[in-house]
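One structure is given here, and the rest of the page talks about it.
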Amino acid sequence: MTARKRVGWDHYFMNIARQAASRSTCDRKFVGAVIVRDRTILSTGYNGSIRGMPHCDEVGHDLENSHCVATIHAEANAILQAAKNGVNISGSEIYTTASPCWNCFKLIANAGIRRIYYGEFYRDEKSIRIAAQIGIELIHLSPEEGAP
């Protein structure tokens, strides 16, 4: 009997972030995030409109400087979900399908998240520089062979 190879923890959580991204409602960028501590999922998020507002994929985008400002980013939504549900995320780590923008990075840092795993690099070099200064690990997680 041949033992099947189990996916490692980092790729497991990144795969869940990818699944969360499938719920995104802004078709300009599908992003998902998962906040984890001690190999336990604390919160998830995806980019989408303010609760009760129409979604970009239904009514179009609200663009400012070529960015859609109608959506709340996945990382922010994951932090907000934790806060809404009274979940302490200090000392946790976040898995996100794209590296955080500067605004999300600031939220992550002030929420006490100590490690950021990201899939694709997304625009912002400033986060990388500041992460090193304040002791937050920012780790590019390459796709695993055969990953979904």
Side-chain angles (χ1 to χ4, degrees), residues 7-144 147-148:
V7 66
W9 284 107
D10 292 336
H11 285 92
Y12 170 73
F13 292 123
M14 186 60 79
N15 289 341
I16 293 171
R18 284 190 199 99
Q19 190 64 41
S22 72
R23 293 278 307 153
S24 295
T25 62
C26 182
D27 53 12
R28 288 174 53 90
K29 187 95 176 139
F30 297 94
V31 180
V34 178
I35 299 174
V36 174
R37 185 176 47 240
D38 299 326
R39 296 183 179 166
T40 301
I41 295 172
L42 303 176
S43 185
T44 65
Y46 55 86
N47 57 328
S49 297
I50 296 169
R51 288 181 191 272
M53 294 296 294
H55 301 293
C56 297
D57 58 7
E58 298 168 345
V59 297
H61 303 282
D62 180 5
L63 297 178
E64 290 180 12
N65 298 323
S66 74
H67 293 284
C68 183
V69 296
T71 59
I72 299 170
H73 291 184
E75 304 92 329
N77 269 328
I79 292 167
L80 290 167
Q81 265 316 105
K84 182 178 177 201
N85 292 308
V87 177
N88 177 4
I89 58 173
S90 184
S92 65
E93 40 198 32
I94 190 168
Y95 293 80
T96 182
T97 58
S99 60
C101 69
W102 177 240
N103 285 329
C104 285
F105 177 81
K106 292 185 291 184
L107 293 174
I108 289 166
N110 276 11
I113 296 172
R114 303 309 313 155
R115 187 175 293 131
I116 302 166
Y117 293 92
Y118 66 93
E120 73 173 278
F121 177 76
Y122 180 70
R123 297 186 189 198
D124 205 325
E125 298 279 341
K126 187 175 191 175
S127 299
I128 295 170
R129 190 174 70 253
I130 300 301
Q133 285 180 348
I134 61 176
I136 293 176
E137 291 183 73
L138 195 58
I139 303 162
H140 178 248
L141 193 58
S142 300
E144 189 171 57

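Throughout, numbering of the chain's residues begins at 1 and tracks the sequence. Please read all numbers here as calculations on a predicted model, not as lab measurements.
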Would you sort out whether K84 and L80 count as a side chain to side chain contact (heavy atoms under 4.5 Å, CB included), showing the intermediate values?
-> CA-CA 6 Å; K84 182 178 177 201; L80 290 167; over 6 Å; no
Check against side-chain hydrogen bond (donor to acceptor under 3.5 Å, both in side chains), Y95 and D10 | CA-CA 8 Å; Y95 293 80; D10 292 336; 2.7 Å; yes
Criterion side chain to side chain contact (heavy atoms under 4.5 Å, CB included) on I50 and I72, from CA distance to verdict = CA-CA 7 Å; I50 296 169; I72 299 170; 4.1 Å; yes
Derivation of the side chain to side chain contact (heavy atoms under 4.5 Å, CB included) call for S127 and W102 = CA-CA 6 Å; S127 299; W102 177 240; 3.9 Å; yes
Please lay out, stage by stage, how E137 and I116 fare under the test side chain to side chain contact (heavy atoms under 4.5 Å, CB included).
-> CA-CA 6 Å; E137 291 183 73; I116 302 166; over 6 Å; no
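Judged by distance alone, with hydrogens and angles left aside, the side-chain atoms of S24 form a donor-acceptor pair with the main-chain N or O of V31 at under 3.5 Å. Without hydrogens or angle criteria, T44 side chain to V34 main chain gives no donor-acceptor distance under 3.5 Å. Not a single donor-acceptor pair under 3.5 Å links the side chain of T97 to the backbone N or O of R18.
Counting all heavy atoms, side chain and backbone alike, C104 lies closest to A76 at SG-N, 4.2 Å. The nearest pair of heavy atoms linking E75 to A98 is OE2-O, 3.7 Å. Taking each heavy atom of A20 and G45 in turn, the nearest pair found is CB-O, 3.8 Å. Nearest approach of G32 to A21, heavy atoms of both residues: N-CB, 3.3 Å. Closest heavy-atom contact between I134 and A109: CD1-CB, 4.0 Å.
Side-chain contact between I136 and I113 is absent, with no heavy atoms from C-beta onward closer than 4.5 Å.
Under the 30°/60° scheme for interplanar angles, the aromatic rings of Y118 and H140 are found to be tilted. Ring orientation note: the planes of W9 and Y12 are nearly perpendicular, at an angle over 60° on the 30°/60° scale.
The neighbour count for R37 CZ, taken as heavy atoms of other residues, nucleotides or ligands under 6.0 Å away, is above 12. Counting non-hydrogen atoms of other residues, nucleotides and ligands closer than 6.0 Å to CD of Q19 gives a total of 12 or fewer. Within a 6.0 Å radius of CG in D38, no more than 12 heavy atoms belonging to other residues, nucleotides or ligands are found.
A distance of 7.0 Å separates CZ in F105 from CG in L138, rounded to the nearest 0.5 Å. Residue M53 holds its CE atom at 11.0 Å from CD of E58, rounded to the nearest 0.5 Å. With rounding to the nearest 0.5 angstrom, the CD1 atom of I35 is 10.0 Å from the OG1 atom of T96. With rounding to the nearest 0.5 angstrom, the CD1 atom of I94 is 4.5 Å from the CD1 atom of I108. Between atom OG of residue S92 and atom CD1 of residue I41 there is a gap of 12.5 Å, rounded to the nearest 0.5 Å. In this structure, NZ on K29 lies 12.0 Å from OG1 on T71, to the nearest 0.5 angstrom.
Applying the side-chain hydrogen bond (donor to acceptor under 3.5 Å, both in side chains) test to N88 and every residue at least two apart in sequence or in another chain returns nothing. Remark: V59 pairs with P54 by the side chain to side chain contact (heavy atoms under 4.5 Å, CB included) rule, at least two apart or across chains.
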